[in-house]
Amino acid sequence: MRRILTVAFVVVVLVGTFVFVLPRIADYGTVWDILSAVDRTDLAVLLGVAVVNVLTFPPPWMAAVPGLGYGQAMVLTQASTAASAVLPGGDVVGMGTQYAMLKGWGFGGQQAGLAVVVTGVWNQLVNVAFPVSAVLLLSWHGSAPPELRIAALIGLAVFAMVVSGFVILLAREGHARGLGNLAARMASWVMGLIGRVHRPAWGDAAVRFRNQSVQLVRRRWPHLTVATILGHITVWIVLLAALRAVGIGADQVSVVESFAAWSLIRILTAVPITPGGLGVVELGLTGALVGFGG
């Protein structure tokens with residue numbers, strides 16, 4: 001029943017977005033005419049930046065998993081991205097896919113779990129940092145819209161919480177053990193509600209995870225940070241190339257405004273309402289770009 005309700009909700013969101021809302025903003029026939037008239041040079045540029053974007057997916061994983069080759073990392077990212085995009089659960093499903101693939105290639109469970117967590121934390125830190133950067137850039141050039149200011153405040157709060165939690169976890173073994181035991185008690189309480197008695201020993205596991213995290217972060221954080229930022233920035237460059245390809249010039253939506261609109265959507269799609277953010281991304285990004293003058 002839960003699965004049926006989830007699928008029904010997704011269908012309602014998609015139908016509402018693509019059948020009722022978006023056609024009120026832009027006529028599909030006109031959209032097709034514009035796409036059909038895209039210059040070959042612009043199309044080649046768009047294709048080129050899209051390829052570059054895909055090529056930037058593996059390096060963060062290579063930084064997080066010493067010994068992982070570029071080809072394996074490419075397969076890992078494409079498979080997990082596909083799973084996140086088409087299955088309910090979004091990033092959670094993608095993370096499970098990443099863990100399973102690393103285990104299947106012979107990496108230990110601790111190493112695979114550490115890589116999934118560290119890359120996930122770095123991705124979220126970069127995601128929530130972008131709206132803050134966008135507000136600063138827009139304020140420098142003019143005024144930032146209220147929606148983006150709110151997103152920036154949310155991003156700043158999430159950024160502070162994630163960093164604080166990660167620092168607390170890594171600071172001392174006692175902190176890690178305490179967080180692990182707290183998570184274990186919460187899990188036991190939840191399991192008790194459904195009639196299952198299970199008391200996981202997560203305190204020691206958290207200490208082991210903490211020790212491995214300290215070593216990995218200390219040695220690899222510059223590579224991981226640069227690679228993660230480049231991977232995200234190239235997604236925005238694809239959007240910018242698409243805007244210019246369909247004739248939306250800097251006089252309508254500037255480079256900074258396109259970055260701000262994209263940053264806002266990154267925050268809005270952090271919670272997987274639909275697989276891959278389908279419908280939510282299109283509606284939110286269209287509204288933001290139109291709001292800027294596109």
In short, side-chain hydrogen bond (donor to acceptor under 3.5 Å, both in side chains) pairs touching residues 220-230 with sequence neighbours left out are Trp122-Thr225

Smallest heavy-atom separation, Glu257 atom then Gln252 atom, equals OE1-O, 3.7 Å

Would a single hydrophobic cluster contain both Val253 and Val246, if residues Ile, Leu, Val, Met, Phe, Trp and Tyr are joined by side-chain heavy-atom contacts under 4.5 Å? yes

Residue set satisfying side chain to side chain contact (heavy atoms under 4.5 Å, CB included) with Asp42, at least two apart, ordered chain then number -> Val38, Asp39, Ala245

Note: Ala83 and Thr97 closest approach over all heavy atoms is CB-OG1, 3.7 Å

The reported gap from CE in Met62 to CE in Met74 (rounded to nearest 0.5 angstrom) is 10.0 Å

Interatomic distance, CD@Gln98 vs OG1@Thr81, rounded to 0.5 Å, equals 7.5 Å

Side chain to side chain contact (heavy atoms under 4.5 Å, CB included) filter on Ala227, not counting sequence neighbours, yields Pro59, Pro60

What one should report as the nearest heavy-atom pair of Lys103 and Ala112 is CG-CB, 4.3 Å

Sorted by chain and residue number, the ring-ring contact (aromatic ring centres under 6.0 Å, His included) partners of Tyr99 (sequence neighbours excluded) come out as none

Between Leu47 and Val49, is there shared hydrophobic-cluster membership here, with clusters defined by ILVMFWY side-chain heavy atoms closer than 4.5 Å? no

For this session: Would you kindly confirm whether Val116 and Val75 end up in one hydrophobic cluster when ILVMFWY residues are joined by side chain heavy atoms under 4.5 Å apart?
Result: yes

Value for CZ (Phe292) from OG (Ser254), rounded to nearest 0.5 Å, stands at 7.5 Å

Requested in this report: Treat each ILVMFWY residue as a node, draw an edge where side-chain heavy atoms are under 4.5 Å apart, and state whether Leu243 and Val31 are in one component.
Outcome: yes

Taken to the nearest 0.5 Å, the spacing of Trp105 CH2 from Leu76 CG works out to 5.0 Å

May I ask you to decide if the ring planes of Trp262 and Phe130 are parallel, tilted or perpendicular, using 30° and 60° as cut-offs? tilted

Contacts of Asn127 meeting side chain to side chain contact (heavy atoms under 4.5 Å, CB included) (sequence neighbours excluded), chain-then-number -> Gln124, His232, Arg266

For residues 48-59, the side-chain hydrogen bond (donor to acceptor under 3.5 Å, both in side chains) pairs (sequence neighbours left out) are Asn53-Thr234, Thr56-Thr234

CD1 (Ile34) and CD1 (Ile248) are apart, to the nearest 0.5 Å, by 7.5 Å

For Ala115, the side chain to side chain contact (heavy atoms under 4.5 Å, CB included) test, sequence neighbours excluded, returns Trp61, Ala64, Val65, Leu102

So CD1 of Ile229 and CG of Leu224: to nearest 0.5 Å the spacing works out to 10.0 Å

With sequence neighbours left out, the residues meeting side-chain hydrogen bond (donor to acceptor under 3.5 Å, both in side chains) with Thr77 are none

When every non-hydrogen atom of Ser258 is compared with those of Trp236, the smallest separation belongs to OG-NE1, 3.0 Å

Which of Leu239, Ile233, Val235 passes side chain to side chain contact (heavy atoms under 4.5 Å, CB included) with Ile237? Answer is Ile233

Apart from Val226 itself, its cluster of hydrophobic side chains linked below 4.5 Å comprises Leu230

_Do Val51 and Leu46 sit in one hydrophobic cluster, given that two such residues count as connected whenever their side-chain heavy atoms are within less than 4.5 Å of each other, even indirectly?_
no

